[in-house]
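Below is one structure, written out as structure tokens; comments come after it.
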Amino acid sequence: MNKPSNLFIYGKTGTGKTVSVKYTTNSLLETAFKNKIPLKVVYVNCKLKKVSDTEYRLVAQLAKEFGKMIPATGLPTDEVYKIFFKAVDSKNQIVILILDEIDQLAKKAGDAILYNLTRINEELRKSQLSIIGISNDLVFVDNLDPRVKSSLSEEEILFPPYNALQIQDILRERAKLAFKQGVLSNGVIEKCAAYAAREHGDARRALELLRVAGEIAERSGSQKVLLKHIDLAENKIERERILDAVETQPKQFQAVLYSLILLSKGKNLVFYTGDIYDVYKDLCDKINLRPLTQRRVSDIIGELDMLGIINARIISKGRYGRTREITLSTSKELTQKIEVLLKTALDID
DNA sequence: CCTCCACAGGAAGCGCAGGAGT
DNA sequence: ACTCCTGCGCTTCCTGTGGAGG
């Protein structure tokens with residue numbers, strides 16, 4: 001029983017990394033089962049908030065996969081490590097640990113975790129542990145602690161992004177199963193692929209786009225999926241993403257966003273952090289919300305920017321200081337919908 | 001060339017929630 | 001009941017800075 005190498009996989013989103021790994025490990029599990037080799041595969045997505053985006057939660061999640069329940073908080077971290085370690089080493093087995101979106105984890109919680117994990121392997125007596133790291137960030141591995149780097153990337157695989165032609169192939173495969181022949185009008189596949197290729201070759205996006213376009217065509221009573229349905233689909237996907245994001249934000253985030261919407265009713269379209277903060281403070285007064293400091297609001301603006309709800313970029317107004325230049329990134333209709341949504345959420349009027 | 005604005009954004013740390021052990 | 005641990009949102013205090021106006 002040779003110790004399997006650690007493996008590092010990187011490539012942009014939607015290039016099939018996760019699917020490939022899952023497929024491979026599944027067939028590995030089958031072979032192992034046939035030959036009575038004790039193999040366990042654990043898959044963890046490090047990006048999922050509230051599950052495993054900190055050291056404690058990751059290890060707790062891992063332990064959970066081995067049937068050990070760990071509370072969300074309360075234990076010292078090294079205690080959790082011990083529980084996990086014991087669970088792995090409790091019997092003869094090979095364990096494959098898949099850490100998806102590992103770059104997110106290291107960015108948020110530091111690479112000490114990865115070092116600890118790779119070291120566990122050396123201390124295991126009975127079992128063997130092999131780590132598969134999946135990263136969307138291509139340069140991520142270069143910024144790692146050299147010790148982690150050498151042990152984690154014993155083997156490396158790069159998934160290049162799909163180009164438009166490859167996405168077309170994928171879409172055609174899927175279209176055969178999902179659509180009756182001739183339903184897709186000319187150029188629909190090509191257009192979907194082109195959209196997705198522009199988004200760094202994300203095949204998942206392309207498939208979703210095609211699916212939603214199909215739904216829209218069906219609902220509008222069209223016999224065929226037309227090019228315009230793709231535009232509508234892209235619009236719809238984006239709109240729903242934003243509305244969903246807005247609705248699930250905490251109250252303070254919603255208040256900051258609402259302040260920006262209030263400002264945008266004037267004739268200006270571009271605002272600065274200070275403008276928003278002033279309006280925000282007034283708003284807090286009105287709706288009985290404890291105002292946060294400008295420092296915090298500044299972070300919130302940054303996070304709203306990350307969500308794509310607003311655009312914020314740092315500019316310098318020379319003598320008049322350095323600040324963020326902020327605009328709404330949504331269309332008029334969408335902004336109105338958001339406004340209505342926020343009014344209910346914040347209990348205004 | 002220097003100054004100085006209006007913030008950006010890093011660092012430390014606080015208070016709370018929630019859980020374990022004793 | 002009490003101590004010890006963690007995560008999380010937040011405050012406080014701080015240093016850094018691009019470029020218009022002097």
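Labels below follow one simple rule: chain letters A, B, ... track the order of the sequence lines, proteins then strands, and each chain is numbered from 1.
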Nearest whole Å is fine: how far is B:dC5 C1' from A:Arg322 CZ?
12 Å
ring-ring contact (aromatic ring centres under 6.0 Å, His included): which pairs involve residues 268-306 of chain A, sequence neighbours left out?
A:Tyr277-A:Tyr280
Within 45 degrees of the ring normal and closer than 6.0 Å to the centroid, is that where the cationic atom of A:Lys343 sits relative to A:Tyr258?
no
Just checking, any donor-acceptor pair under 3.5 angstrom between side chains of A:Arg239 and A:Thr330?
no
Atom-to-atom span, CZ of A:Arg313 to P of B:dC7 - whole angstrom:
16 Å
Out of curiosity, does A:Leu263 fall in the hydrophobic cluster containing A:Leu292 (side-chain heavy atoms, cut-off under 4.5 Å, transitive links)?
yes
Does A:Thr293 put a side-chain nitrogen or oxygen below 4.0 Å from OP1 or OP2 of C:dT11?
yes
From CD of A:Glu325 across to P of B:dA8 the rounded distance in Å is 13 Å
Below 3.5 Å, does any donor atom in the side chain of A:Arg319 face an acceptor in the base of C:dG18, or the other way round?
no
Output yes when at least one side-chain N/O atom of A:Ser298 is less than 4.0 Å from OP1 or OP2 of B:dA8, else no.
yes
NA contact type, A:Thr323, heavy-atom cut-off 4.0 Å: base, sugar-phosphate, or nothing?
sugar-phosphate
Atom pair distance, as rounded to whole Å: CD in A:Gln294 and P in C:dC13:
15 Å
Rounded to the nearest 0.5 Å, how far does CG of A:Asp347 lie from NZ of A:Lys251?
6.5 Å
Nearest-Å distance for atom pair CD1/C1', residues A:Ile300 and C:dG9:
9 Å
Identify, between A:Arg295 and A:Lys317, the residue whose nearest nucleotide on DNA chain B lies closer to the 5' end.
A:Lys317
Among C:dG18, B:dC7, C:dC10, the one nearest any side-chain atom of A:Ser316 is C:dG18
In whole Å, I'd like the distance from the CD1 atom of A:Ile276 to the P atom of B:dA6.
17 Å
Just to confirm, is there a sub-4.0 Å distance from OP1 or OP2 of B:dG9 to any side-chain nitrogen or oxygen of A:Arg324?
yes
Taking the side chain of A:Tyr320 as heavy atoms from C-beta outward, which of B:dG9, C:dA20, C:dG16 is closest to it?
C:dA20
Starting at CD1 of A:Ile314 and ending at C1' of C:dT17, how long is that distance when rounded to a whole Å?
10 Å
Nearest-nucleotide 5' precedence on DNA chain B, A:Gly321 against A:Asp299:
A:Gly321
Whole-Å distance between C:dG18 P and A:Tyr272 OH?
18 Å
Classify the side chain of A:Arg296 and the base of C:dT11 as holding, or not holding, a donor-acceptor pair under 3.5 Å.
no
